[in-house]
Student: 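Take this structure, written in structure tokens, and hold onto it; I'll ask about it next.
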Amino acid sequence: MLCLKSNMTANLLDGLNPEQLAAVTLPHQSALILAGAGSGKTRVLTTRIAWLIQTGQVSPLGLLAVTFTNKAAKEMLTRLTAMLPINTRGMWVGTFHGLSNRLLRTHYRDAGLPQLFQILDTADQLSAVKRLLKALDVDTEKYEPKKVQYFINGNKEAGLRPEHVEVFDPYTRRLVEFYAAYDAQCNRDGVVDFSELLLRAYELLARNDMLRTHYQERFRYILVDEFQDTNRLQYRWLKMFAGEDSALLAVGDDDQSIYAFRGAHSGNMNEFQRDYAGDNVIKLEQNYRSHGNILDAANALITQNATRLGKNLWTSEGKGEPIRVFEAYNDQEEASFIVEEVKALHRDGTALVDMALLYRSNAQSRVLEHALFSAGVPYRVYGGLRFFERQEIKHALAYLRLLANPDDDGAFSRIVNFPTRGIGARTLEQLSDAAQAANTSLWQAARAQFDPAKAVKGLPGFVALMGAMQDATQGLPLPEAIEHVLHMSGLAAHYQAEKEGADRLENLNELINAATVFSNDPEAMAELDEVGGPLASFLAHAALEAGDHQAGAGSDALQLMTVHAAKGLEFHAVFVGGLEEGLFPHEQSMNEKDGIEEERRLMYVAITRARRRLYLSHAQSRMLHGQVRYGIPSRFLDELPSELLKLVNAKRNSAVPASHDSYAAPKSNARNNTSPWRIGMNVRHAKFGLGVVVNVEGQGEDTRVQINFGAANGMKWLALAYAKLEVA
DNA sequence: TCGTTAACATTTTTT
DNA sequence: ATGTTAACGA
């Protein structure tokens with residue numbers, strides 16, 4: 001028996017390198033794992049959990065494992081069940097938000113929430129803010145709803161309630177008032193937004209000694225994935241669960257911190273060392289993913305960043321192929337080059353799913369998609385609207401939310417006149433006033449005015465409808481209840497009648513399907529069904545897990561996504577396009593503090609996605625916002641050691657392609673210009689350095705040229721008579 | 001109340 | 001270029 005057990009343990013630990021082994025078998029103490037890209041981070045995390053359970057150091061219920069995304073949480077559970085014959089039911093493995101939701105559902109009374117509290121996603125929250133500002137009669141020019149939302153979330157993520165926010169000016173004072181009013185509105189509606197989920201959970205434990213002690217004694221081991229992406233509130237949240245006897249393991253890579261723009265605070269890693277880990281730091285630097293040249297390039301790039309904990313990836317693999325660099329005239333040429341290379345690689349046996357086109361911003365996908373479509377290459381774009389974010393789905397869910405909680409004013413406003421039933425702005429304004437006067441929800445106000453005699457159309461009709469819906473769906477299984485709602489509400493008929501409604505109708509059917517799948521998945525039900533019943537569970541599921549982007553998984557298709565979306569993934573061949581100053585690094589980031597460093601980390605992530613082959617490309621000009629823009633090559637290209645690179649645009653002869661003139665020829669100003677300076681030309685200036693001619697004005701002595709010198713020196717008009725320009 | 005048009009902005013994104 | 005939202009007229 002003992003023999004069998006040690007054998008199994010050995011199997012579990014087989015094939016780990018010394019650092020990985022050390023991390024997996026750490027004693028009961030806190031530690032920080034600096035895990036480089038492709039160093040087997042997830043494997044270490046899951047193997048450690050399995051090892052801890054298998055060796056009897058902790059029961060499955062005694063550990064807390066937190067991830068950032070649902071995908072990562074699911075992956076962890078899947079791998080865990082493959083390693084150990086255990087029941088993962090009841091285990092606290094999940095996202096910050098998912099676990100907060102579970103905590104709040106369980107202790108909803110202590111948290112001061114209604115049992116069936118609903119979760120607002122980002123869009124719901126924005127409309128809640130808009131509704132609030134309207135009710136307060138606020139000038140939305142001066143206080144943009146988006147800004148107000150940003151302010152509220154920013155403070156929540158710093159752990160600050162309205163009364164704690166420091167106010168130095170009248171503008172901020174007003175914002176704080178909105179924040180307080182927003183919180184009041186949410187409480188009245190019985191809804192909770194994403195950051196509130198975390199803050200409430202944190203406050204619940206901070207306030208309630210008994211609960212805190214309970215959880216702290218329960219969780220002897222706490223593991224956190226992607227620690228560099230945590231924000232300040234999330235770190236404080238973690239601390240609440242960590243008791244005297246808890247060992248915390250944080251896994252992260254400061255070089256892959258690319259979410260500072262949404263509040264991630266990689267300084268948490270330093271603080272974690274100070275608070276818990278001390279010198280107990282393990283670096284995983286052996287990379288199992290990429291060939292040497294790719295890693296060398298990544299290392300060379302990232303060393304240009306001043307603020308890092310320090311880490312150097314290495315591989316036992318060979319150098320491999322050089323990194324291919326392509327310089328295109330314009331974005332279309334760039335796209336067709338990429339398509340040709342993809343086709344060639346595919347012919348040689350690389351599956352399309354094993355190749356990715358990465359870009360800095362979503363707008364860049366269009367040209368690529370067009371070229372791929374014309375060439376008949378199957379592709380799949382990640383990003384964009386997700387299932388539960390589609391308007392028809394949100395409408396349907398709003399009906400369900402209102403059934404679960406009639407006081408949810410957000411849900412009420414969304415559907416009271418959708419499909420249209422003759423309830424206009426005027427009626428709603430009166431209703432809103434009545435509700436405000438009586439200090440009740442819109443639904444209560446509507447019901448107070450309810451007159452059964454008029455219950456045919458308008459507001460009374462709506463009240464009658466909801467009542468009928470409530471009766472009809474009572475006690476029905478979830479999918480059938482949803483089907484009733486879709487028909488009784490008129491949503492189904494509405495989209496049936498609409499010309500372009502077929503897709504939406506299909507999505508609504510898919511919603512019934514999703515409910516069926518959800519109801520049959522005991523794991524999912526158990527996860528969320530702590531309190532509240534299947535409807536509440538399903539709605540929480542819809543809010544917390546927006547659903548995979550689109551069907552089409554499984555088939556062999558080229559992968560298109562932003563660099564952000566590619567984090568955590570790997571591909572045989574990777575193409576990174578649009579490597580131009582202003583695009584990558586993005587110009588908006590150049591003004592931000594530490595913006596360039598974050599962009600560089602982003603580039604680091606992009607490079608380290610590639611296993612065997614990496615293409616980097618840039619274009620001299622590209623269409624942006626319906627205008628031709630000229631850009632100079634990204635500084636990141638210069639930061640890569642040239643011996644690792646190979647220029648591959650030699651195929652083209654020196655003659656300018658016919659299409660080039662139409663782009664280069666200036667539309668205005670320089671019609672009759674005879675000077676040698678042409679738009680799109682690369683030039684060098686003694687002081688400003690490398691630039692691109694963007695515009696030419698005047699003739700002879702008076703010629704002036706406008707030059708884009710990139711981020712450092714910006715746009716300049718120069719008089720040719722004085723400026724010393726040379727062709728670069 | 002609803003449909004049309006004009007103005008507008010447009011990095012990255014999970015929960 | 002393009003998609004979304006706010007204002008305006010029928």
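Here the structure is a predicted model, which means the values were calculated and not measured. Each chain gets a letter, A, B and so on, in the order its sequence line appears, and its residues count up from 1.
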Student: Which residue, Asn70(A) or Thr427(A), contacts DNA chain B at a nucleotide closer to its 5' end, judged by nearest heavy atom?
Tutor: Thr427(A)

Student: Just N and O in the side chain of Asn362(A): are any of them under 4.0 Å from OP1 or OP2 of dT11(B)?
Tutor: no

Student: Can His97(A) be called stacked on dT15(B) when the rule is centres closer than 5.5 Å and an angle between planes below 30°?
Tutor: no

Student: Heavy atoms under 4.0 Å, any strand shown: does Glu592(A) hit a base, just sugar-phosphate, or nothing?
Tutor: base

Student: Considering only heavy atoms from C-beta outward, does the side chain of Leu120(A) approach that of Arg401(A) to under 4.5 Å?
Tutor: yes

Student: Could you list all N or O pairs between the protein and nucleotides 7-9 of chain B that sit under 3.5 Å apart?
Tutor:
none

Student: Please confirm whether the ring centroid of His265(A) lies under 6.0 Å from the ring centroid of Tyr235(A).
Tutor: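 Here the rings of Tyr235(A) and His265(A) have centres that are no less than 6.0 Å from each other.
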
Student: In whole Å, I'd like the distance from the CE atom of Met561(A) to the P atom of dT13(B).
Tutor: 11 Å

Student: Looking at every strand, decide which applies to Asn417(A) at a 4.0 Å heavy-atom threshold: base, sugar-phosphate, or nothing.
Tutor: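 Result for Asn417(A) = sugar-phosphate.
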
Student: Of the options dA1(C), dT11(B), dT15(B), whose atoms approach the side-chain atoms of Thr69(A) most closely?
Tutor: dT15(B)

Student: What is the distance from CZ of Phe418(A) to P of dC2(B), rounded to the nearest Å?
Tutor: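 From Phe418(A) CZ to dC2(B) P: 11 Å.
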
Student: Find the distance Arg629(A):CZ to dT10(B):C1' and express it as a whole number of Å.
Tutor: 11 Å

Student: For the ring pair Phe462(A) and Phe412(A), is the centre-to-centre distance below 6.0 Å?
Tutor: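 For Phe462(A) and Phe412(A), the ring centres are under 6.0 Å apart.
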
Student: Atom CD of Gln118(A) to atom P of dT15(B): distance rounded to whole Å?
Tutor: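 After rounding, the reported distance stands at 19 Å.
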
Student: Can you find a side chain N or O atom of Thr562(A) that sits less than 4.0 Å from OP1 or OP2 on dT13(B)?
Tutor: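 For Thr562(A), the contact criterion (side-chain N or O under 4.0 Å from OP1 or OP2 of dT13(B)) is met.
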
Student: Using a 4.0 Å heavy-atom cut-off, does Ile258(A) contact any base of the nucleic acid, only the sugar-phosphate backbone, or nothing at all?
Tutor: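 Contact class for Ile258(A): none.
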
Student: Decide side chain to side chain contact (heavy atoms under 4.5 Å, CB included) for Leu539(A) and Leu397(A); before the verdict, give the C-alpha distance in whole Å, the side-chain angles of both, and the deciding distance to 0.1 Å.
Tutor: CA-CA 7 Å; Leu539(A) 289 171; Leu397(A) 290 178; 3.8 Å; yes

Student: For dT15(B), take OP1 and OP2 only and decide whether either is under 4.0 Å from a side-chain N or O of Arg386(A).
Tutor: yes

Student: Tell me which nucleotide among dT15(B), dT13(B), dT11(B) gets nearest to the side chain of Leu544(A).
Tutor: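 Closest of the options to the side chain of Leu544(A): dT15(B).
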
Student: How about Arg629(A): does its CZ atom have over 12 heavy atoms from other parts shown lying under 6.0 Å from it?
Tutor: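 Open.
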
Student: Relative to the 5' end of DNA chain B, which residue comes earlier, Leu602(A) or Arg426(A), by the nucleotide with the nearest heavy atom?
Tutor: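 The answer here is Arg426(A).
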
Student: So that I know where these two stand, are His564(A) and Tyr259(A) an aromatic pair - ring centroids less than 6.0 Å apart?
Tutor: yes

Student: Please report, rounded to the nearest Å, how far the P atom of dT15(B) is from the CG atom of Leu197(A).
Tutor: 13 Å

Student: Whole angstroms only, please: what is the CD1-P distance between Ile119(A) and dT14(B)?
Tutor: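 After rounding, the gap between these two atoms is 17 Å.
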
Student: Just compare dT2(C), dA1(C), dT14(B) and give me whichever is closest to any side-chain atom of Arg366(A).
Tutor: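 Nearest to the side-chain atoms of Arg366(A), counting from C-beta on, is dT2(C).
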
Student: Name the nucleic acid region contacted by Phe96(A), choosing base, sugar-phosphate or nothing; use a 4.0 angstrom heavy-atom cut-off, strictly under.
Tutor: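 Since no nucleic acid heavy atom lies under 4.0 Å of Phe96(A), the category is nothing.
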
Student: Round to the nearest Å and state the distance from Glu389(A) atom CD to dT15(B) atom P.
Tutor: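 In whole Å, dT15(B) P lies 10 Å from Glu389(A) CD.
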
Student: From Leu616(A) CG over to Leu579(A) CG, what is the distance, rounded to the nearest 0.5 angstrom?
Tutor: 5.5 Å

Student: Starting the side chain at C-beta, find the nucleotide from dA1(C), dT11(B), dT15(B) nearest to Met623(A).
Tutor: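 Out of dA1(C), dT11(B), dT15(B), the nucleotide with an atom closest to Met623(A)'s side chain is dA1(C).
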
Student: Measure the distance between the ring centre of His564(A) and the centre of the six-membered base ring of dT13(B), then answer whether it is under 5.5 Å with planes under 30°.
Tutor: no

Student: Using the side-chain heavy atoms of Ser361(A), tell me which of these nucleotides is nearest: dC2(B), dT15(B), dT11(B).
Tutor: dT11(B)

Student: Just by distance, do the side chain of Ser127(A) and the backbone of Asp124(A) share a donor-acceptor pair under 3.5 Å?
Tutor: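 Flag set: sc Ser127(A) to bb Asp124(A) pair under 3.5 Å.
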
Student: Just compare dT12(B), dA6(C), dC2(B) and give me whichever is closest to any side-chain atom of Lys130(A).
Tutor: dA6(C)

Student: Checking contacts here: which listed nucleotide (dT14(B), dC2(B), dT15(B)) is nearest the side-chain heavy atoms of Phe194(A)?
Tutor: dT15(B)

Student: First locate atom OH of Tyr215(A), then atom CZ of Phe241(A), and finally report the distance between them rounded to the nearest 0.5 Å.
Tutor: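 That separation rounds to 7.0 Å.
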
Student: If we require ring centres under 5.5 Å and near-parallel planes under 30°, does Phe261(A) stack on dT11(B)?
Tutor: no

Student: Is any N or O donor-acceptor pair between the side chain of Thr122(A) and the base of dT15(B) shorter than 3.5 Å?
Tutor: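 Per atom types, the contact qualifies.
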
Student: May I have the distance from Leu126(A) (atom CG) to dT13(B) (atom P), rounded to whole angstrom?
Tutor: 18 Å

